[in-house]
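Notes for the one structure printed next.
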2 protein chains.
Amino acid sequence: MKGLHVPKPSKRDQLLDATKELLWDVGYEAMSPRDIQDRSGARPGSLYHHFPSKLAIAGEALCDLAKEDVASTNDFFSTDAAPLDAVRQYLFLKRDGRRGCRFGRLVNETSIESEEIRRPVTAYFDAVRTNLAQSLHKAKEEGTLPPDLDTETLSISLLALIQGGGILAKAYQDYSYFDRAMEGALALISGVARA
Amino acid sequence: MKGLHVPKPSKRDQLLDATKELLWDVGYEAMSPRDIQDRSGARPGSLYHHFPSKLAIAGEALCDLAKEDVASTNDFFSTDAAPLDAVRQYLFLKRDGRRGCRFGRLVNETSIESEEIRRPVTAYFDAVRTNLAQSLHKAKEEGTLPPDLDTETLSISLLALIQGGGILAKAYQDYSYFDRAMEGALALISGVARA
DNA sequence: GTCTATAACAGGATAGAC
DNA sequence: GTCTATCCTGTTATAGAC
């Protein structure tokens, strides 16, 4: 009988959903419990009944988000496309430039020092890096990329590129900076690739 | 007679110096006027006598920082080294990994929407980008880089790489991620360069 | 110009009724 | 489980004496 009807969402779920949106929109520090309450339609009693603190609800929300995004990243790379094409497509994947990466945006906040926040962030980064590294490695095995290329290191560069591209887009308030950052890197990759 | 002795620093200067340190350490939102007062040894009366608001003192402090860092970046690239070597050296320039880029760290805060904060940030980014683009362009004219390479676009990628490298270093609490991100990019550049 | 004192408000959380 | 009411603290200033 599972899934035959949509169960009424519990206040707990509504609180978590509101927190997920706020973490993306404004980050952790700028998100007040009051904001969560207003957006979810729940009152303080509900919030502190289900979660001991702001950090706790943010941590659970972020873990959910990381799970989702790790899964969709794995999906994206489970493709029949040529490995280097998968990488190219991933770099130009449509992202929400206005809000930037929901994980990367948290890194410069004080809260990154708590494991509740840091763990889901690095879990997401690890997933992206691993998928990129695997595709680059396959491309090397195919002979599309030169055999002496360090694909592990390159995957770190590409992850940094994506994160930095988001920073530039936001600073300049212009998403085209993100795409140009990707293009520059792709030109280099194409430059070393065997057709 | 200018510069013959060190004048006693005014409270105004002490307030600005404290603000500069705090902006780097904790960012704008997490920096309270009280923090500025404690670090500078000045009381609220002094702060609000010299500056109308927290945003005003932060804006002036950031403009000073941008001026300094634009000048030192220009200096760095005023070198006799081969253009591509200057780029390589810039990427591996020792940065404070624990604190990250003092400008980039502000981009994900709400305050980036105010021109007082955004302008010095983009001024610094522009200076880095311009210097990188010029060096890459010289390398192309020399024949060190292929003639069809879009050096403007590549300079944006390298700026993004630097910013993103800082994000990874902070997320993983390990500065070696920054260096590895740079290495991956350098390997690509060397791959397309003519010896 | 610098100080002390304090106001007005928001953030983070608790108490206790229902 | 959810609500209303409330508490304590920190933030961002302002007032006015010196």
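The figures here come from the full heavy-atom set of this structure, side chains too, leaving out hydrogens, waters and symmetry mates. Residue numbers begin at 1 in each chain, while the letters A, B, ... track the order of the sequences.
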Check D38(A) with R43(A), please: is the shortest side-chain N to carboxylate O separation under 4.0 Å? yes
Taking NZ, NE, NH1 and NH2 as the nitrogens, is one of them in R102(A) or D25(A) under 4.0 Å from a carboxylate oxygen of the other? no
May I ask you to say whether E21(B) pairs ionically with R39(B), meaning some side-chain N is under 4.0 Å from a carboxylate O? yes
Between L22(B) (CG) and dT11(D) (C1'), how many Å, whole number? 14 Å
Applying side chain to side chain contact (heavy atoms under 4.5 Å, CB included), name anything that partners S176(B), two or more places apart in sequence or on another chain. D174(B)
Using a 4.0 Å cut-off on heavy atoms, which residues in residues 27-40 of chain B reach DNA chain D? List them by number, or say none. M31(B), S32(B), P33(B), R34(B)
One thing to verify: whether K94(A) and D179(A) come together as a salt bridge, which I'm taking to mean a side-chain N less than 4.0 angstrom from a carboxylate O. yes
Does any residue of residues 43-54 of chain A have a heavy atom under 4.0 Å from DNA chain D, and if so, which ones, in number order? R43(A), P44(A), G45(A), S46(A), H49(A), H50(A)
Salt bridge E183(A)-R180(A), side-chain N to carboxylate O under 4.0 Å: no
Taking the basic N atoms (NZ, or NE/NH1/NH2) and the acidic carboxylate oxygens, is any pair closer than 4.0 Å for R12(B) and D17(B)? no
NZ/NE/NH1/NH2 to OD/OE distance under 4.0 Å, D64(A) and K67(A): no
